[in-house]
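Structure first, commentary second.
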Amino acid sequence: MATDGGNLDTEATTKGNSGNPADGGTTGTAGSQGGGRPDDKGTLSVKPPRGTPDILPDETERWQYIESCARQCLSVAGYREIRVPIFEHTEIFRRGVGETTDIVNKEMYTFTDKSDRSLTLRPEGTAGVVRAYLNGGLHRLPPPVKLWYMGPMFRYERTQTGRQRQFHQVGVEAFGSAGPLIDVEVIMVALACLTAVGLESFELQVNSIGCRVCRPAYRELLKAALEPLLPQLCDDCRERFHRNALRMLDCKSQTCQAHYGQVPASLDHLCLDCQSHWRLLLELLAQQGLAHIVNPRLVRGLDYYTRTVFEILSRDPRLGAQSTVCAGGRYDNLVEMFGGPPTAAVGWALGMERLLLLLGDRIQSHLAAFIVSSSPDRALALANQLRQAGVSCDLDFPAQGVAARSFTKQLQQANKLGAAWAVILGEEELASETVTLKNMASGQQSRIALAELPAHLTRRP
RNA sequence: GCAGCCGUCGCCAAGCGGUUAAGGCCCCGGAUUGUGGUUCCGGUAUACGCGGGUUCGAAUCCCGUCGGCUGCCCCA
């Protein structure tokens with residue numbers, strides 16, 4: 001990318017450029033209307049669509065770090081990876097996530113393909129995993145079936161810190177066990193992932209929102225209690241009252257919250273089964289030493305949740321207005337809703353971008369060796385050999401031609417790239433089948449036989 | 001969808017009606033063609049988001065537009 005990478009203009013302009021708007025095109029507005037691909041100057045804009053930031057090399061290393069932590073934590077806990085499509089038939093999400101949710105009503109990227117099918121970029125992971133679980137016959141496996149996934153999700157939202165239009169989640173879903181023990185395991189695994197990544201202070205909140213037996217009655221009770229308050233509540237809450245009254249409970253408005261203190265809590269109106277599930281859950285959390293806070297106002301924005309719901313939050317200011325890093329719960333009816341056998345399930349998703357925000361500064365890349373040579377072709381051959389031995393190494397690439405640059409230049413390069421060792425392969429070394437190994441931190445160097453090089457480099461400097 | 005703030009080189013950033021539009025970082029070269037990090041010297045850039053208006057004169061003022069950030073809604 002050394003030169004002028006920026007200009008993607010298709011036009012075969014001469015360098016002259018004397019006349020500015022001389023030849024056509026500057027009428028400009030032509031292509032830039034809605035799609036907005038060409039920028040104001042008529043060159044192709046290199047900006048990505050809003051809310052879909054590029055993840056540059058310094059960043060990808062941090063992503064890989066998190067991914068490998070998660071992969072490790074999940075696999076030792078017996079969760080197996082599943083990869084499902086990035087888009088599904090729209091119906092999967094409409095029915096799965098819920099017709100009344102904002103996600104479905106205003107945030108989905110829905111399009112029609114050339115066969116006139118309505119497809120939607122996945123706004124979340126669970127619906128697709130449930131679909132695949134059934135389609136792949138996983139429901140015939142001995143339960144519990146424990147799965148995890150990782151990948152991009154898409155929601156059309158206003159961007160801000162910790163919220164993008166394309167964002168990434170890692171999630172788990174455990175099918176086929178209705179007891180609270182697996183709720184606790186799933187939570188444990190989430191905490192393990194966060195801890196493995198190096199996160200320190202976060203808070204686990206739990207609640208139970210009942211099931212299809214007790215929730216309808218509770219909802220009516222709640223609405224009855226809320227209705228007289230409506231005139232004093234915020235516009236959003238008045239709207240929620242009709243759409244999804246439970247969501248009123250986590251309104252951010254102080255005044256609304258003041259009223260909700262007296263309103264009945266779902267926890268006090270659970271059916272017997274839900275009650276016993278909830279009590280056992282709390283016991284297990286205590287037994288396992290998992291610090292938690294019962295938050296009777298904790299609700300979920302997706303319709304499929306039942307019984308246990310939880311969130312792991314952080315108050316770190318780097319998250320901006322966001323606080324939830326991981327959230328999930330039980331969804332005991334969803335499999336059945338998709339036409340499968342009645343199957344209890346529980347899962348969570350955690351937001352990678354949010355985790356990244358909490359992780360702070362970059363992780364250093366580890367370049368073990370940089371080859372400084374008077375013979376670039378020999379250097380390249382040696383690099384190839386070292387790389388095959390698993391040693392990360394690089395070498396100097398002249399801007400043009402194949403003549404070696406000065407050792408000074410090459411050492412500077414080694415320094416810039418942060419190499420632990422410089423491997424000097426000059427005329428003398430080439431003649432004697434040796435190499436001068438220089439420790440870039442201490443400056444000390446020694447001459448060793450070429451054959452011993454890989455062994456030296458696999459040791460820590 | 002709503003609200004506030006902001007757009008000057010790849011990045012940070014002066015300038016606030018008349019300037020060849022500072023400076024720093026990065027990058028490149030040299031001092032140092034077999035030895036880096038410091039230092040010194042030199043070099044490169046189609047930078048005032050775009051369009052229109054006011055003005056003798058606009059990066060500076062006005063309008064519009066696009067883009068970014070922050071918050072609301074919602075959510076991981």
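Atoms considered below: every heavy atom in the structure, side chains included; atoms not considered: hydrogens, waters and symmetry mates. By convention in this document, chain letters (A, B, ...) are assigned in the order of the sequence lines, proteins followed by strands, and residues within each chain are numbered from 1.
- A salt bridge is defined here as a Lys NZ or Arg NE, NH1 or NH2 lying under 4.0 Å from an Asp or Glu carboxylate O, and A:Arg307 with A:Asp183 fails to meet this definition.
- No donor-acceptor pair under 3.5 Å is formed between the side chain of A:Arg80 and the backbone N or O of A:Trp148.
- Summarising the base pairing, B:G43 is matched to B:C27 through a Watson-Crick or G-U wobble pair whose two defining distances lie under 3.5 Å.
- One can place CG of A:Asp250 at 7 Å from P of B:C75, the figure rounded to the nearest angstrom.
- Taking only side-chain atoms of A:Thr161, from C-beta outward, the nucleotide of B:G71, B:A76, B:C74 with the closest atom is B:G71.
- Residue contacts for A:Ala404: at a heavy-atom cut-off of 4.0 Å it reaches no nucleic acid atom on any strand shown.
- In this structure B:G64 sits in a base pair with B:C50, meeting the Watson-Crick or G-U test at under 3.5 Å.
- Atoms CZ (A:Phe407) and P (B:U32) sit 18 Å apart, rounded to a whole Å.
- Across every strand in view, B:C69 sits in a pair with B:G4 that passes the Watson-Crick or G-U test at under 3.5 angstrom.
- Of all nucleotides listed (B:U35, B:G71, B:C74), B:U35 comes nearest to the side chain of A:Thr408.
- The gap from the C1' atom of B:G68 to that of B:C50 amounts to 15 Å, rounded to the nearest Å.
- Computed from coordinates, the A:Ile66 CD1 to B:A76 P distance equals 18 Å when rounded to whole Å.
- Under the 6.0 Å cut-off for aromatic ring centres, A:His168 and A:Trp63 qualify, their centroids lying closer than that.
- Using a 4.0 Å cut-off between a side-chain N of Lys or Arg and a carboxylate O of Asp or Glu, A:Asp396 and A:Arg405 qualify as a salt bridge.
- With hydrogens and angles ignored, the 3.5 Å screen pairs a side-chain donor or acceptor of A:Asn207 with a backbone N or O of A:Leu298.
- When the P atom of B:A76 is taken as reference, atom CZ of A:Arg354 falls 8 Å away, rounded to whole Å.
- No side-chain heavy atom of A:Ile371 sits under 4.5 Å from any side-chain heavy atom of A:Arg378.
- Of the two residues near RNA chain B, A:Glu124 and A:Glu427, the one whose nearest nucleotide lies more 5' is A:Glu427.
- Using a 4.5 Å heavy-atom threshold, the side chains of A:Leu222 and A:Val263 count as touching.
- Looking at A:Leu367 and A:Asp394, their side chains come closer than 4.5 Å, going by heavy atoms from C-beta outward.
- Note that A:Lys146 lies outside the cation-pi zone of A:Phe175, set by a 6.0 Å cut-off to the ring centre and a 45° limit from the axis.
- Contacts between residues 442-449 of chain A and RNA chain B, defined by a heavy-atom separation under 4.0 Å, are made by A:Gly443, A:Gln445.
- The distance between atom CG of A:Leu249 and atom P of B:C75, rounded to the nearest whole Å, is 13 Å.
- Residue A:Glu239 is out of contact with every strand shown, counting any heavy-atom pair closer than 4.0 Å.
- As rounded to the nearest Å, B:G23 and B:A14 have C1' atoms that lie 7 Å from one another.
- Contact annotation for A:Met153: no contact, since no heavy-atom pair falls under 4.0 Å across all strands.
- Closest to the A:Ala321 side chain, of the nucleotides B:G71, B:A76, B:G34, is B:G71.
- Side-chain N/O atoms of A:Gln410 include none lying less than 4.0 angstrom from OP1 or OP2 on B:U35.
- Phosphate contact (OP1/OP2 of B:G34, side-chain N/O of A:Ser406, threshold under 4.0 Å): absent.
- Listed here is the closest heavy atom pair of A:Cys234 and A:Cys251: SG-SG, 3.8 Å.
- Across all strands shown, B:G37 remains unpaired; no Watson-Crick or G-U wobble contact has both distances below 3.5 Å.
- Taking the centre and axis of the six-membered ring of A:Tyr149, the NZ or CZ atom of A:Arg83 falls outside the cone set by 45° and 6.0 Å.
- Residues A:Ile448 and A:Thr434 are not in side-chain contact: their nearest non-hydrogen atoms beyond the backbone lie 4.5 Å or more apart.
- In summary, A:Glu428 and A:Arg447 engage in a salt bridge, as defined by a charged side-chain N under 4.0 Å from a carboxylate O.
- If you check every strand for non-hydrogen atoms under 4.0 Å, A:Asn415 touches a base.
- Applying the 4.0 Å criterion to OP1 and OP2 of B:A76, one finds that A:Gln169 has every side-chain N and O outside that range.
- B:U20 makes up no base pair with any nucleotide shown, lacking Watson-Crick or G-U wobble contacts both under 3.5 Å.
- Taking only distance into account, the side chain of A:Glu429 meets the base of B:G34 through a donor-acceptor pair shorter than 3.5 Å.
- Here the P atom of nucleotide B:U65 and the CZ atom of A:Arg50 are 14 Å apart, to the nearest Å.
- Between B:C56 and B:U65, the two C1' atoms lie 29 Å apart (nearest whole Å).
- Here, B:C12 and B:C27 have their C1' atoms 15 Å apart, quoted to the whole Å.
- Within 4.0 Å (heavy atoms only), A:Thr324 reaches sugar-phosphate atoms of the nucleic acid but no base atom.
- Comparing B:C9 with B:U44, their C1' atoms sit 11 Å apart, to the nearest whole Å.
- Distance noted for atom C1' between B:G10 and B:G57: 32 Å (whole Å).
- At a threshold of 4.0 angstrom between heavy atoms, the contacts of A:Gly320 are confined to the sugar-phosphate backbone, with no base atom among them.
- Salt bridge present: A:Arg243 and A:Glu239 bring a charged side-chain N and a carboxylate O closer than 4.0 Å.
- With the nearest nucleotide of RNA chain B identified for both A:Tyr305 and A:Lys106, A:Lys106 has the one nearer the 5' end.
- When the C1' atom is used for both B:A47 and B:A21, the distance is 9 Å, rounded to whole Å.
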Output one line per pair: protein atom, nucleotide atom from nucleotides 25-29 of chain B, and distance, for all N/O pairs under 3.5 Å.
residue : atom : partner  : partner atom : Å
B:C28   : OP2  : A:Lys416 : NZ           : 3.0
B:G29   : OP1  : A:Arg405 : NH1          : 2.6

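- Rounded to whole Å, atom P of B:A76 lies 20 Å from atom OH of A:Tyr156.
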Restricting to nitrogen or oxygen on both sides, can you table the protein-nucleotides 3-11 of chain B pairs closer than 3.5 Å?
none

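- Straight-line distance between the C1' atoms of B:C61 and B:G15: roughly 16 Å, to the nearest whole Å.
- Put simply, OH on A:Tyr149 is 9 Å from C1' on B:A76, counting in whole angstrom units.
- Contact annotation for A:Ile424: base contact, defined as any heavy-atom pair under 4.0 Å involving a base atom.
- In this model, the phosphate group of B:C74 is not approached by any side-chain N or O of A:Arg300 to a distance below 4.0 Å at OP1 or OP2.
- Each of B:G34, B:C74, B:A76 was ranked by its minimum atom distance to the side chain of A:Glu107; first place goes to B:C74.
- Across all strands, A:Ala414 comes closer than 4.0 Å to no nucleic acid atom at all (heavy-atom distances).
- Classification of A:Glu99 and A:Arg94 as a salt-bridged pair holds, one side-chain N sitting under 4.0 Å from a carboxylate O.
- Using a cut-off of 4.0 Å between Lys/Arg side-chain N and Asp/Glu carboxylate O, A:Arg122 and A:Glu88 are scored as not salt-bridged.
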